[in-house]
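Accompanying notes for the structure given below.
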Amino acid sequence: MARSSCNFAHSCWNLSSANAGGVDEREFSSWFCDILMHNRKSVAMIMWRIWMAHNNLLWSNKSTKVSEVIQSAKTNLDNWQNAQSNGSIPLLNVNVSNGREHWTKPIFTKFKINVDGALFKAENRFGFGFIVRDKDGKLVEAVSSSKTGVVSPEIVEVVGMKEALSWIKTKHLTEVEIETDSLVAVQAINGSVQMPSQFGLLVQDCRLLLSELQNVFISFIKRYANRVAHCIARQSCFMSNCMFDEFSAPSDLLSIVRDDSFSR
């Protein structure tokens with residue numbers, strides 16, 4: 001049992017990009033003091049979630065996936081940081097509605113993708129955009145596209161999510177976090193409810209794609225934290241089927257990317 005728990009913990013550290021700084025059970029007290037002294041919050045959160053997973057298995061016979069530990073640690077850290085900035089008491093049980101207000105560089109994943117959709121009723125079109133950034137906040141690729149038709153806002157958002165997931169699959173990427181300001185899309189894709197509708201079919205497509213990917217997570221954020229994707233989506237009607245990198249992206253887009261990279 002102890003050996004199994006140790007292997008699980010090592011898997012968690014290996015999956016995360018947080019530097020545990022040489023975890024040694026014989027020197028745990030020294031290691032933990034070093035964590036506190038150097039304010040390494042991400043490491044502390046992972047350690048906390050590993051302990052929670054251990055207790056769930058021990059007392060409730062409920063197993064936890066390594067990827068779930070990493071995602072929970074990230075969510076807890078985001079909530080703690082938001083609580084500090086708002087002067088409130090941090091909570092470990094995070095409600096998905098408490099999305100971040102500012103964009104942050106990926107901590108537990110290699111890449112972060114922000115997605116947004118847009119409606120163009122006068123043109124009888126709808127569009128979406130997404131941007132891929134690495135751990136330094138550097139623009140890897142941005143994509144904009146639009147389609148003919150009048151659809152509901154939630155359809156637009158989930159179409160954008162599906163395209164982003166398809167892009168990840170095509171690029172054979174792992175360890176990616178996808179962010180959107182559509183709470184409906186996040187709850188539907190991360191849930192298990194079957195919906196006999198166009199929206200439900202698109203959600204099912206997203207779930208299938210997600211199941212085929214390795215260590216890809218979907219999170220909710222507030223509109224301001226998603227402003228780069230919003231900018232791309234708003235321009236998608238006039239720049240359909242376009243792809244940009246840091247050398248070809250419009251100057252207004254690069255300006256927001258730079259501002260985000262220096263955010264908290």
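Along the sequence shown, residues are numbered consecutively beginning with 1.
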Tyr224: what forms a ring pair (Phe, Tyr, Trp, His ring centres under 6.0 Å) with it, not counting sequence neighbours? His102

Please collect all ring pair (Phe, Tyr, Trp, His ring centres under 6.0 Å) contacts where either partner lies in residues 171-217, sequence neighbours excluded, each pair once. none

Point-to-point distance, once rounded to the nearest 0.5 Å, from NZ of Lys162 to CZ of Phe128: 10.5 Å

Output, in order, the C-alpha distance, side-chain angles, deciding distance and verdict of side chain to side chain contact (heavy atoms under 4.5 Å, CB included) for Thr104 and Lys112. CA-CA 9 Å; Thr104 59; Lys112 178 176 284 189; 3.3 Å; yes

Looking only at heavy atoms, the pair that brings Asp134 and Val140 closest together is N-CG2, 3.9 Å

Assess the residue pair Leu173 and Lys110 against the criterion (side chain to side chain contact (heavy atoms under 4.5 Å, CB included)); give the C-alpha distance rounded to whole Å, side-chain angles, the decisive distance to 0.1 Å, and a yes or no. CA-CA 9 Å; Leu173 295 184; Lys110 295 177 181 177; over 6 Å; no

Distance-minimising heavy-atom pair for Asp136 and Lys105: O-CE, 3.5 Å

Under a 4.5 Å side-chain heavy-atom rule over Ile, Leu, Val, Met, Phe, Trp and Tyr, are Ile155 and Met195 clustered together? yes

Looking at every non-hydrogen atom in both residues, tell me the closest pair between Ala233 and Ala118 and how far apart they are. O-CB, 3.5 Å

Indicate if Leu208 and Leu201 have the same hydrophobic cluster label, given that clusters are the connected sets of ILVMFWY residues with side-chain heavy-atom separations under 4.5 angstrom. no

Heavy-atom distance under 4.5 Å between the side chains of Ile218 and Ile178, does that happen here? yes

Taking the side chain as every heavy atom from C-beta outward, state whether Phe108 and Ile46 have any atom pair closer than 4.5 Å. yes

With rounding to the nearest 0.5 Å, note down the distance linking CZ in Phe126 to SG in Cys237. 11.5 Å

Tell me if a side-chain donor or acceptor on Asp245 pairs with a main-chain N or O of Phe247 at a distance below 3.5 Å. yes

Residues clustering with Met239 (ILVMFWY side chains joined when closer than 4.5 Å, directly or via others): Phe244

Checking Arg207 now: which residues fulfil salt bridge (Lys or Arg N to Asp or Glu O under 4.0 Å) with it, not counting sequence neighbours? none

Glu157 side, atom CD; Leu119 side, atom CG - distance, nearest 0.5 Å: 8.5 Å

Give the C-alpha distance, both sets of side-chain angles, the deciding distance and a yes or no for side chain to side chain contact (heavy atoms under 4.5 Å, CB included) between Trp167 and Ile113. CA-CA 10 Å; Trp167 184 92; Ile113 299 180; 4.1 Å; yes

Give the cluster check for Phe120 versus Val158: same hydrophobic cluster or not, with ILVMFWY residues linked at side-chain heavy-atom distances below 4.5 Å. no

Nearest non-hydrogen partners of Gly117 and Val156, listed with the distance: CA-CG1, 3.4 Å

Starting from Leu253, walk the hydrophobic network (Ile, Leu, Val, Met, Phe, Trp, Tyr; side-chain heavy atoms closer than 4.5 Å) and list everyone else you reach, by chain and number. Ile131, Leu139, Val228, Ile232, Leu254, Ile256, Val257

By salt bridge (Lys or Arg N to Asp or Glu O under 4.0 Å) - contacts of Lys65 (at least two apart): none

Met243 atom CE, over 12 foreign heavy atoms within 6.0 Å: no

Grab the two heavy atoms, one from Val216 and one from Leu213, that are nearest each other, plus how far apart they are. CG2-CB, 3.6 Å

Straight-line distance of Cys206 SG to Met161 CE, nearest 0.5 Å: 6.5 Å

For the student: nearest non-hydrogen atoms of Arg133 and Asp260, plus distance: NH1-OD2, 3.1 Å

Between the CD1 atom in Ile221 and the OG atom in Ser182, the distance rounded to the nearest 0.5 Å is 11.0 Å

Rounding to 0.5 Å, atoms NE2 (His230) and CG (Asn226) come to a distance of 9.0 Å

